[in-house]
Amino acid sequence: MAGWRFGDPEGRREWFTHTAPFAGLPGFQLAYETWGTLNAGASNAVLVLHALTGDSHVAGGVEPGHPTPGWWDSLIGPGRPLDGFFVVAPNVLGGCQGSTGPWQHPDFPALTIRDQVAAEVLLADALGVERWAAVLGGSMGGMRAVEWAVAEPDRVESLLLLATSAAASAEQIALASAQVHAIRLDPVGGLGVARRIAHISYRSEQELQERFGRKVQADGRFEVESYLDHHAAKLAARFDPESYVVLTEAMNAHDVGHGRGGVRAALRRVRARTIVAGVDSDRLYPLGQQRELAAGIPGADDVRVIESPYGHDAFLIESDQVGALVRELVPAHSGSR
Ligand SMILES: CC(=O)SCCNC(=O)CCNC(=O)[C@H](O)C(C)(C)COP(=O)(O)OP(=O)(O)OC[C@H]1O[C@@H](n2cnc3c(N)ncnc32)[C@H](O)[C@@H]1OP(=O)(O)O
Ligand SMILES: N[C@@H](CCO)C(=O)O
């Protein structure tokens, strides 16, 4: 079996099972990981929501014997911004890193960001978390985070939205639909093509130019071509093409204002103390999208700008700047509040 189906390299995953019909599924499982301990008042729980190809493994190396790095290692562990909190990170519904996904169901239904959040609400109920001290997410994780704050305003005390949007834009849908088209033509090769298209959009034009320019390798490939080949092969080895399609189409359908009187009306529901941040060089989720979120969410400051040459991927790379925002949002927790 491919590693992405059952892989749990750290042996840290737990599973939540829902046995009733849900969003066109007969039931579902969510894989999740936790760090820290829920306090007596259940007031120290933080929900961390991953991006498109992420998973529940936010951090590695926190406990002995669990060294595999995570995608936001800098946030969790002694002295780090989420020290003292009970951190919960689920693999998204429709994903392929332990949660119910298309590989298990031949006629897997189309899912929305709202369905995915509704599944996470059931997980929160099962964990005894009535209210999150914070919900944090970037990119697709930010879509789920804003949906949480709009759909469940009384359950989100504070909110960090990074490099994300209130609704998918025409350009995002266009880039994503080309990726979906490639996978539908050829699931295996197509996933690599999709990753190449996506990865270009995750980095800035300036970074690619300065880093690779027109350099050619000994094998005749441009260096930048080889770089994309590398990222394509790495994703193909760890991700399910059908899951990529399900998640991409959920992102394309994302519109927090749909059926709620529009984006402005939806954002007015948010009660969380909110920080919205974007990346100055992000061409996929440009700052205007975060300005719309910040302008619409009551009490949110103007958008914070992460300065970085790395484009959209900066929300994964610029750990000092992201960590500072998290510390500002959720000041150090004693663990006994
Ligand atoms: C929440 C989530 O989103 S989790 C999912 C996040 N992870 C991913 O998306 C995996 C794909 N990777 C990425 O998106 C990015 O690499 C990041 C954001 C994780 C990290 O960015 P950076 O640290 O800037 O890494 P960078 O883009 O330079 O890639 C480095 C890799 O490219 C390889 N590489 C660099 N130049 C070349 C080249 N010319 N030819 C071939 N390979 C190359 C490096 O050897 C390195 O390989 P490795 O990752 O297997 O060790
Ligand atoms: N590298 C990230 C970017 C998407 O936001 C991912 O693959 O999830």
Side-chain angles (χ1 to χ4, degrees), residues 4 7 33 47-60 68-76 89-92 94-97 113 136-145 160-165 168 172 175-176 179 191-192 194-204 206-241 243-244 247-248 250-252 254 277-279 281-286 289-290 306 308-322:
W4 48 260
E33 291 183 55
L47 182 65
V48 179
L49 298 172
H50 67 76
L52 173 61
T53 67
D55 56 28
S56 62
H57 198 55
V58 179
T68 305
W71 52 268
W72 254 355
D73 277 322
S74 55
L75 294 188
I76 297 175
N91 180 219
V92 68
C96 58
Q97 308 289 345
I113 296 289
L136 320 178
S139 198
M140 187 186 83
M143 294 179 186
R144 307 215 299 295
L160 178 60
L161 304 177
L162 286 174
T164 195
S165 68
Q172 287 160 351
L175 283 164
Q179 296 169 41
L191 180 60
R195 187 59 158 185
R196 287 175 177 86
I197 298 168
H199 199 82
I200 298 163
S201 73
Y202 296 157
R203 314 296 286 214
S204 72
Q206 185 184 350
E207 185 215 357
L208 294 180
Q209 184 61 27
E210 287 176 1
R211 191 169 167 186
F212 301 108
R214 299 187 46 75
K215 286 179 275 186
V216 177
Q217 298 186 161
D219 64 9
R221 286 178 299 168
F222 285 109
E223 272 193 15
V224 68
E225 187 181 1
S226 161
Y227 170 71
L228 293 178
D229 289 349
H230 179 79
H231 279 293
K234 271 189 92 170
L235 189 74
R238 71 176 179 88
F239 217 83
D240 175 21
S243 190
Y244 193 95
L247 301 184
T248 299
M251 289 196 293
N252 280 352
H254 170 61
V279 181
S281 58
D282 187 343
R283 54 179 162 181
L284 183 59
Y285 289 78
Q289 295 191 329
Q290 293 91 58
I306 294 173
S308 174
Y310 298 117
H312 182 61
D313 266 351
F315 84 92
L316 295 166
I317 297 170
E318 301 288 358
S319 48
D320 288 350
Q321 294 183 67
V322 171

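Predicted model only: the values in this text are computed from it and were never measured. For ligands, and for the atoms within them, numbers begin at 1 and follow the listed sequence.
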TODO: Using distance alone, with no hydrogens and no angle criterion, decide if Ser139 and His312 have a side-chain donor and acceptor under 3.5 Å apart.
DONE: yes

- [ ] Classify the contact between His312 and ligand 2 as side chain, backbone, both or neither, using a heavy-atom distance cut-off of under 4.0 Å.
- [x] side chain

Open item on the list: How far is atom 28 (O) of ligand 1 from the closest protein heavy atom, and which atom is that?
Closed with: Arg211 NH2, 2.5 Å

TODO: Report yes or no: is the cationic atom of Arg195 (NZ for Lys, CZ for Arg) under 6.0 Å from the centre of the six-membered ring of Phe239, at an angle within 45° of the ring normal?
DONE: no

Open item on the list: Quick test: of every protein heavy atom, which one is nearest to atom 5 (O) of ligand 2, and how far off is it to 0.1 Å?
Closed with: Ser139 OG, 2.7 Å

Task: Ring geometry between His199 and His231 (parallel below 30°, tilted from 30 to 60°, perpendicular above 60°) - done: parallel

Open item on the list: Quick check: do Cys96 and Asn91 have side-chain heavy atoms less than 4.5 Å from each other?
Closed with: no

Open item on the list: Counting non-hydrogen protein atoms only, what is the nearest one to atom 1 (N) of ligand 2? Give residue, atom name and distance.
Closed with: Asp313 OD1, 3.2 Å

Open item on the list: Tell me the protein heavy atom at minimum distance from atom 27 (O) of ligand 1, and give that distance in Å.
Closed with: Tyr227 OH, 2.4 Å

Task: From the candidates Thr164, Leu247, Leu316, the one that places a heavy atom nearest atom 2 (C) of ligand 2 - done: Leu316

Task: Proximity to ligand 1 by part of Arg238, non-hydrogen separation under 4.0 Å - done: side chain

Open item on the list: Quick check on contacts: which atoms of ligand 1 are under 4.0 angstrom from a heavy atom of Ser226?
Closed with: 38 (C), 39 (N), 40 (N), 41 (C)

- [ ] Any atoms of ligand 2 less than 4.0 Å from a non-hydrogen atom of Phe315? List them with their elements.
- [x] 5 (O)

Task: Sub-4.5 Å side-chain heavy-atom contact between Glu33 and Asp55 - done: no

Open item on the list: Under 4.0 Å from a heavy atom of Ala51: which atoms of ligand 1 are those, numbered in the order shown and with their elements?
Closed with: 1 (C), 2 (C), 3 (O)

TODO: Considering only non-hydrogen protein atoms, determine which one is nearest to atom 30 (C) of ligand 1 and report residue, atom name and distance to 0.1 Å.
DONE: His231 NE2, 4.1 Å

Open item on the list: Using a 4.0 Å cutoff against the non-hydrogen atoms of Arg195, which atoms of ligand 1 qualify?
Closed with: 8 (C), 9 (O), 10 (C), 11 (C)

Task: Numbered atoms and elements of ligand 1 in range of Glu223, under 4.0 angstrom, heavy atoms - done: 38 (C), 39 (N)

- [ ] Examine the proximity of ligand 2 to His199 and report which part, side chain or backbone, both or neither, has a heavy atom under 4.0 Å away.
- [x] neither

TODO: Return the residue, atom name and 0.1 Å-rounded distance of the protein heavy atom closest to atom 50 (O) of ligand 1.
DONE: His230 NE2, 2.7 Å

Task: Protein heavy atom at shortest distance from atom 19 (C) of ligand 1 - done: Leu316 CD1, 4.8 Å

Open item on the list: Does only the side chain of Trp71 get under 4.0 Å from ligand 1, or the backbone, or both, or neither? Count heavy atoms.
Closed with: side chain

TODO: Considering only NZ, NE, NH1 and NH2 on the basic side and carboxylate oxygens on the acidic side, decide whether Arg203 and Glu207 come within less than 4.0 Å.
DONE: yes

Task: Element-labelled atoms of ligand 1 that are located less than 4.0 Å from some non-hydrogen atom of Gln217 - done: 39 (N), 40 (N)

Task: Atoms in ligand 1 flagged as close to Asp313, the criterion being non-hydrogen separation under 4.0 Å - done: 13 (C), 14 (O), 15 (C), 18 (C)

Open item on the list: Taking 4.0 angstrom as the limit and counting only heavy atoms of Lys234, give me the atoms of ligand 1 inside it, by number and element.
Closed with: 48 (P), 49 (O), 50 (O)

Open item on the list: When you compare ligand 2 with Ala51, is there at least one nitrogen or oxygen pair between them that comes in under 3.5 angstrom?
Closed with: no

Open item on the list: I'd like to check which ligand 2 atoms, numbered from 1 as shown, lie under 4.0 Å from a non-hydrogen atom of Thr53.
Closed with: 6 (C), 7 (O), 8 (O)

